[in-house]
Amino acid sequence: MISEVRRTALIKKGLRLEYFTVAWNVVEAVVAIGGGAAGSIALVGFGLDSIIELTSGCVLIWRLRKHGVTSKEAEYEAERRAIFAVGVIFFALAFYILYEAASTLIGQEKPMESRVMD
């Protein structure tokens, strides 16, 4: 078992990493969706994935900020809710990928031709 001081230091480090991850995913989503607006479904999908990861990161930040502020029972409940929320978010991503794959297969979509620049 780790000491409370060490646990608090690890929580603070985790928060810093999550803030960086959220910032990175915001930039990633804006660039990917902006670039995909020119007609790339793959880039739009990548941008939507970044939004899902961003949402998950926000849930984890919420959870980490609960450390030490509330009772142990409230922390346990926050942990349970965070795990559930992140699970739902990633299931949403899985269903999105499944939908895109199935619609591409059923619609027998052909890949776009690559244009070679002279």
Side-chain angles (χ1 to χ4, degrees):
M1 182 158 229
I2 61 174
S3 71
E4 192 62 28
V5 172
R6 177 77 175 134
R7 185 170 188 240
T8 301
L10 290 172
I11 295 290
K12 286 180 181 178
K13 184 176 183 178
L15 276 168
R16 283 192 306 271
L17 290 170
E18 274 307 314
Y19 285 129
F20 174 78
T21 299
V22 165
W24 179 265
N25 280 313
V26 167
V27 172
E28 195 175 80
V30 168
V31 170
I33 292 173
S40 174
I41 295 172
L43 276 176
V44 171
F46 183 71
L48 291 175
D49 173 61
S50 297
I51 291 172
I52 289 172
E53 290 176 28
L54 168 70
T55 306
S56 175
C58 289
V59 168
L60 294 176
I61 287 171
W62 168 80
R63 168 56 192 107
L64 288 173
R65 292 183 60 114
K66 290 284 189 178
H67 170 70
V69 176
T70 58
S71 67
K72 292 294 179 190
E73 293 81 24
E75 278 192 35
Y76 174 77
E77 182 63 22
E79 182 75 16
R80 191 185 67 73
R81 286 182 180 182
I83 289 170
F84 180 79
V86 170
V88 167
I89 291 165
F90 282 108
F91 269 111
L93 174 61
F95 283 122
Y96 170 74
I97 291 170
L98 180 64
Y99 168 78
E100 286 297 324
S103 64
T104 299
L105 285 172
I106 292 169
Q108 297 180 351
E109 294 178 30
K110 305 275 189 221
M112 294 174 52
E113 287 189 29
S114 182
R115 296 185 182 134
V116 178
M117 310 253 325
D118 291 324

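- Among residues two or more places apart in sequence or in another chain, the side chain to side chain contact (heavy atoms under 4.5 Å, CB included) test is passed with Thr104 by Glu109.
- Listed by chain and number, the residues in a side chain to side chain contact (heavy atoms under 4.5 Å, CB included) with Ala9 amount to none (sequence neighbours excluded).
- Listed by chain and number, the residues in a side chain to side chain contact (heavy atoms under 4.5 Å, CB included) with Val86 are Ser56, Val59, Leu60, Phe90 (sequence neighbours excluded).
- Under the side chain to side chain donor-acceptor pair (under 3.5 Å) criterion, Glu77 pairs with Arg80, Arg81, sequence neighbours left out.
- Taking Ile, Leu, Val, Met, Phe, Trp and Tyr as hydrophobic and joining them when side-chain heavy atoms fall under 4.5 Å apart, one finds Phe84 in a cluster with Val88.
- Distance CD/Glu79 to CG/Leu64: 8.5 Å, rounded to 0.5 Å.
- The salt bridge (charged side-chain N to carboxylate O under 4.0 Å, His left out) contacts involving residues 2-12 comprise Arg7-Glu75, where partners must be two or more places apart or lie in separate chains.
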Using a 3.5 Å cut-off and no angle test, enumerate the donor-acceptor pairs between side-chain atoms of residues 13-34 and protein atoms at least two apart in sequence or in another chain.
unit_1: Tyr19; atom_1: OH; unit_2: Arg65; atom_2: NH1; d: 3.0
unit_1: Thr21; atom_1: OG1; unit_2: Leu17; atom_2: O; d: 2.9
unit_1: Trp24; atom_1: NE1; unit_2: Glu28; atom_2: OE2; d: 3.0
unit_1: Asn25; atom_1: ND2; unit_2: Thr21; atom_2: O; d: 3.1
unit_1: Glu28; atom_1: OE1; unit_2: Ser50; atom_2: OG; d: 2.5

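- Annotation for Leu10: hydrophobic cluster partners, listed by chain and number, are Ile2 (ILVMFWY side-chain heavy atoms under 4.5 Å, direct or chained).
- Between atom CD1 of residue Ile52 and atom CD1 of residue Ile89 there is a gap of 8.0 Å, rounded to the nearest 0.5 Å.
- Rounding to the nearest 0.5 Å gives a distance of 11.0 Å between CD1 of Ile51 and CD of Glu53.
- Partners of Leu105 according to the side chain to side chain contact (heavy atoms under 4.5 Å, CB included) rule, which considers only residues two or more places apart in sequence or in another chain, do not exist here.
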